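Heavy-atom basis, side chains included; hydrogens, waters and symmetry copies ignored. Only a predicted model underlies this, so the values are computations on that prediction, with no experimental measurement involved.
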Amino acid sequence: MYCPNCASSISDKAELCPNCGVRPFREVNYCYNCSESINANQEMCVNCGVRVHKKVSTSISTGDDSKPPWLMALVSFFVAGLGQMVIGQIKKGFAVLAISMVLGFMTFGLSAIITTPFAIIDAYLVSKKVADGKSIEEWEFF
């Protein structure tokens, strides 16, 4: 993978470019797939055909105004799905909450052994993606 800001080669898992210090996909001046120079209005690299701007739902915040992942995990511990709602995945949060409540009612609360850790882990990992500046979809898990 190449840094979209300076076109230097970086690891696929890099949180910051070691050459310019910019988070991948914050600044897009070069294609991350082939390092071809692109302009800010391009949606696709004309050299390799890869989409250069990741699609982000308008309700999901990214970057500096993101919530700390540990806080999203904590609120999901108390109310399953609340962490997802705070992140911006409203529909997914309500679905997690509804499924957790229905299963909890049917199993007299025993399903919380499965649904609560799922909600906590999902809220933490998705919030970590948002904090890292990565794009997420409304229904994206982990």
In the structure I gave you, are the side-chain heavy atoms of [X] and [Y] within less than 4.5 Å of one another anywhere?
| X | Y | result |
| --- | --- | --- |
| Cys20 | Ser8 | no |
| Val126 | Gln89 | yes |
| Val79 | Val75 | no |

What's the spacing between [X] [atom1] and [Y] [atom2] if we round to 0.5 Å?
| X | Y | atom1 | atom2 | value |
| --- | --- | --- | --- | --- |
| Phe77 | Thr116 | CZ | OG1 | 7.5 Å |
| Ile87 | Ile136 | CD1 | CD1 | 6.0 Å |
| Asn19 | Cys6 | CG | SG | 4.0 Å |
| Thr115 | Leu110 | OG1 | CG | 10.5 Å |

Side-chain donor or acceptor of [X] paired with backbone N/O of [Y] under 3.5 Å:
| X | Y | value |
| --- | --- | --- |
| Glu36 | Cys45 | no |
| Gln84 | Ala119 | yes |
| Ser76 | Ala80 | no |
| Ser111 | Gly104 | yes |
| Lys92 | Glu140 | yes |
| Ser127 | Lys67 | yes |

message = Run Phe118 and Phe142 through ring pair (Phe, Tyr, Trp, His ring centres under 6.0 Å) and show every step you take.
response = CA-CA 9 Å; Phe118 168 78; Phe142 302 118; 5.6 Å; yes
Q.
Counting neighbours of CZ on Phe94 that are heavy atoms of other residues, nucleotides or ligands and sit closer than 6.0 Å, is the number greater than 12?
A. no
Are [X] and [Y] in one and the same hydrophobic cluster, where Ile, Leu, Val, Met, Phe, Trp and Tyr link if side-chain heavy atoms are under 4.5 Å apart?
| X | Y | answer |
| --- | --- | --- |
| Leu82 | Met72 | yes |
| Met101 | Ile90 | yes |
| Leu97 | Ile99 | no |

